[in-house]
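What follows is a short report on a single structure.
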Amino acid sequence: MSDVIRLLPDAVANQIAAGEVVQRPASAVKELLENAVDAGAEHIHLLIKNAGKTLIQVIDDGDGMSETDARLSLERHATSKIRKVEDLFSLKTMGFRGEAVPSIAAVAQMEIRTKKASKEIGTQLIVEGSKVISQEAIVCPKGTNILVKNLFFNIPARRNFLKSNPVESRHIIDEFIRIALIHPEIALQFSTDGNEMYNLPKSNFRQRIVNLFGKKYNERLVPVNESTDIVSISGFIGKAEFARKTRGEQFFFVNHRFIKSPYLNHAVMLAYEELIPKDQFPAYFLQLEINPEKIDINIHPTKTEIKFEEERSIYTIVRTAVREALGKFNVSPSIDFDQDNNLSVLPLRPKESIKMPSIQVDPNFNPFEQEKKQSINSHSSHQASTSSQRDWEKLYSASNSRKKHSQLDFAPSFESEKEKPSIAPKLTQVHKRYILCQIKTGFLLIDQKAAHQRILIDDWLKLADKSLPSQQLLMPENVNFTGADFIVLKEIQRDLQTFGFDIRFEDNECFVYGVPIEMKSRSAQNVLEQLIEDYKQSDSDLKNRQQLKLIVALARNMSIGWGQALSPFEMQEIVDRLFACENPYALPNGKKTLISYQLEEIDQLF
């Protein structure tokens with residue numbers, strides 16, 4: 001019997017490895033930027049075309065590679081970062097696996113130009129699908145210039161699974177920001193399709209945050225500093241009053257490496273407990289320095305997951321450090337040293353202009369006569385109030401009588417006529433969250449928030465091809481978003497205009513000139529923040545149907561919420577309009593809007 005186990009060809013092995021390392025264009029961007037950082041670059045320029053599908057180019061002025069190193073960089077597990085297994089427990093570089101460059105080269109057309117500072121001539125390599133097409137000497141500046149063209153050109157199925165350009169661009173921006181944040185000592189540029197998005201000079205950590213997220217962040221940041229034998233924590237957290245409805249600006253770095261840690265995030269959120277609403281999220285930019293021997297980062301090729309040896313202790317220290325920083329901010333008064341002293345103190349008048357107040361007394365004042373007058377006035381006022389109340393009761397009863405005859409004759413899709421709701425004259429609101437509605441065979445418990453969302457979704461779907469009226473603001477509101485959210489806003493701008501938003505972009509700034517009538521007095525910044533977050537979170541459950549995703553997100557933001565008291569008329573209106581919907585029982589994501597309780601079920605409980 002012949003042998004059946006064989007070694008895979010390098011090209012096949014590289015494509016398998018690429019499946020883990022290069023999941024989308026942003027994965028390649030992350031690996032190439034980290035290599036540039038490890039090379040000691042002082043300036044890095046990232047250029048993107050077609051959301052990274054056509055071109056990803058990273059130019060750095062780092063150490064560069066020799067002719068031999070350039071060729072070896074295409075081999076799997078060839079690296080300059082480690083020499084022996086012990087090195088895995090004392091890592092100080094971003095990369096160490098030796099998989100990134102060969103994995104990218106396996107699924108793209110790659111060009112490498114590199115030169116060491118000590119050499120006069122550099123090297124150029126052209127690679128397609130792991131195969132070296134040419135290698136020659138060229139004249140080029142010190143450092144490395146890598147071009148990744150036509151990503152997944154040889155794996156059409158993988159390329160077809162990539163998301164839209166705005167979505168892929170958001171992921172690239174996220175990776176760029178993570179690298180840029182933790183390396184303020186490096187100047188970075190980012191251009192996409194010929195337009196410069198970021199041009200970040202060398203700076204300190206605080207200034208880098210401000211350069212990335214806007215000048216307003218300078219006044220929102222609270223410093224955090226805590227040093228223990230287990231971990232040292234430094235960085236900044238956002239003031240409680242600036243918490244937002246989106247999770248955007250939340251960053252943990254361990255030994256200058258970005259990580260994702262729901263466990264540590266919970267520690268931060270616990271520190272903000274009772275300071276911010278449950279549906280809001282604070283910003284934080286925290287750096288943790290830990291002995292490399294006490295952590296393990298060799299868990300996943302993306303290197304964003306870390307195992308801590310003393311996880312519980314670190315959790316407690318993070319929570320305490322954040323809480324202490326918030327406490328200092330809340331207790332300590334802020335002093336503005338630039339304030340003009342002439343404006344801080346009210347001028348006093350000369351002594352001679354100050355006079356004691358004179359008190360006049362009426363010797364003929366009789367308090368009992370005043371009390372008698374008040375009693376008479378109170379009696380007449382009560383009579384008027386009673387008369388007015390009787391008139392109002394007549395008006396209400398007449399209105400209620402008319403309402404009985406003018407209720408909407410809705411026809412929900414009940415299986416039998418017996419199950420059709422028979423609306424009681426009076427609906428009941430339960431804990432300002434649910435509407436109790438009696439039917440012939442039992443009762444319905446309606447979620448007022450979900451029901452109103454269902455109503456709005458159906459109404460807007462019917463008007464999807466028409467433009468809704470917009471309420472123009474007296475003064476345009478300037479709204480601020482990070483790079484990724486800014487791209488989302490541009491992506492959905494046209495659809496937002498259909499629903500009443502008048503949004504205009506001027507010199508990389510966004511202004512809201514008009515809002516939907518349903519928004520009333522709500523802040524455009526807050527509504528758009530939540531709208532963008534809901535829109536991003538609904539990628540999976542609505543299967544990329546952009547208009548429906550946007551309508552669902554709008555409905556979540558425009559609907560009444562829990563805790564809002566409803567009048568009998570408002571409850572009746574919700575019930576009537578809900579059962580006029582095509583599917584009154586659930587939202588597009590499957591969440592129920594109501595639950596039906598039959599009398600037989602209730603009887604069995606007793």
Side-chain angles (χ1 to χ4, degrees), residues 240-247 265-266 269-270 272-282 410 412 421 423-424 426-439 442-461 499-500 515-538 541-542 548-581 583-597 602:
E241 63 264 35
F242 294 111
R244 300 172 61 177
K245 290 184 176 291
T246 57
R247 299 177 184 267
N265 177 73
H266 185 270
M269 296 303 294
L270 193 62
Y272 277 90
E273 195 174 29
E274 298 180 359
L275 294 177
I276 60 175
K278 291 184 178 180
D279 63 341
Q280 292 189 4
F281 306 94
F410 53 81
I423 304 302
K426 182 179 179 182
L427 300 169
T428 304
Q429 189 180 24
V430 181
H431 293 296
K432 297 182 181 179
R433 296 174 68 165
Y434 304 101
I435 299 172
L436 193 65
C437 172
Q438 182 179 325
I439 57 177
F443 66 88
L444 302 176
L445 195 61
I446 301 172
D447 183 330
Q448 66 185 46
K449 182 178 180 180
H452 195 209
Q453 286 180 32
R454 178 75 264 182
I455 292 165
L456 293 176
I457 289 169
D458 275 46
D459 288 349
W460 285 333
L461 282 174
F499 295 106
V515 295
I517 296 174
E518 292 87 348
M519 267 186 58
K520 298 180 180 177
S521 60
R522 298 177 65 187
S523 162
Q525 176 80 39
N526 292 338
V527 170
L528 289 173
E529 281 177 7
Q530 187 62 56
L531 182 64
I532 290 171
E533 183 67 18
D534 289 343
Y535 180 81
K536 290 190 295 187
Q537 296 298 326
S538 62
D541 49 19
L542 294 178
L548 179 57
K549 282 166 52 181
L550 183 57
I551 288 175
V552 169
L554 276 167
R556 285 176 184 160
N557 284 275
M558 302 298 179
S559 62
I560 58 173
W562 285 342
Q564 182 169 337
L566 300 175
S567 67
F569 174 80
E570 289 171 330
M571 286 189 284
Q572 186 70 59
E573 183 77 7
I574 287 176
V575 173
D576 290 346
R577 291 177 65 189
L578 176 63
F579 286 104
C581 294
N583 176 15
Y585 309 106
L587 294 171
N589 62 3
K591 181 183 177 182
K592 292 180 180 179
T593 58
L594 59 89
I595 299 175
S596 174
Y597 292 91
I602 301 170

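Numbering of residues begins at 1 and proceeds along the displayed sequence. The analysis underlying the following values was restricted to heavy atoms, covering all of them including side chains, and did not include hydrogens, waters or symmetry mates. All of these numbers come straight from a predicted model, not from anything done at the bench.
- Judged as a side-chain contact (heavy atoms from CB on, under 4.5 Å), and not counting sequence neighbours, the contacts of A555 are Q453, L456, I457, W460.
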Tell me, with the steps shown, if L445 and L436 meet side-chain contact (heavy atoms from CB on, under 4.5 Å). CA-CA 5 Å; L445 195 61; L436 193 65; 3.8 Å; yes
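- Applying the side-chain contact (heavy atoms from CB on, under 4.5 Å) criterion to E529, with sequence neighbours excluded, gives R244, T246, F481, Q525, N526.
- Scored by the side-chain contact (heavy atoms from CB on, under 4.5 Å) test, S596 finds I439, L444, Q598 as partners (sequence neighbours excluded).
- Separation of atoms CD1 (I446) and CD1 (I574) is listed at 8.5 Å; rounding is to 0.5 Å.
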Yes or no on side-chain contact (heavy atoms from CB on, under 4.5 Å) for Y434 and T428, after CA distance, side-chain angles and deciding distance? CA-CA 8 Å; Y434 304 101; T428 304; over 6 Å; no
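- Side chains of L587 and T593 form a contact here, defined as non-hydrogen atoms less than 4.5 Å apart.
- Considering CD of Q280 and CD of E241, their distance stands at 11.0 Å, rounded to 0.5 Å.
- One distance of note links CG of L594 with CZ of F579; it measures 5.0 Å at 0.5 Å rounding.
- By the 4.0 Å N-to-carboxylate-O rule, R577 lies close enough to D459 to be salt-bridged with it.
- Side-chain contact between L427 and Q572: present, with at least one pair of heavy atoms (C-beta onward) separated by less than 4.5 Å.
- Under the side-chain contact (heavy atoms from CB on, under 4.5 Å) criterion, Q429 pairs with K432, Q448, A565, L566, M571, not counting sequence neighbours.
- Between the CG atom in D458 and the CD1 atom in I551 there is a gap of 9.5 Å [rounded to 0.5 Å].
- Minimum heavy-atom separation, I276 to A240: CG2-O, 3.4 Å.
- Expressed to the nearest 0.5 Å, how far NE2 of H431 lies from CH2 of W562 amounts to 12.5 Å.
- In this view, D447 satisfies the salt bridge (charged side-chain N to carboxylate O under 4.0 Å, His left out) rule with no residue, not counting sequence neighbours.
- Annotation: ring-ring contact (aromatic ring centres under 6.0 Å, His included) contacts of F443 (sequence neighbours excluded): Y597.
- Put simply, CZ on R556 and NE2 on H452 are 15.5 Å apart, with the number rounded to the nearest 0.5 Å.
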Give the C-alpha distance, both sets of side-chain angles, the deciding distance and a yes or no for side-chain contact (heavy atoms from CB on, under 4.5 Å) between Y585 and R454. CA-CA 9 Å; Y585 309 106; R454 178 75 264 182; over 6 Å; no
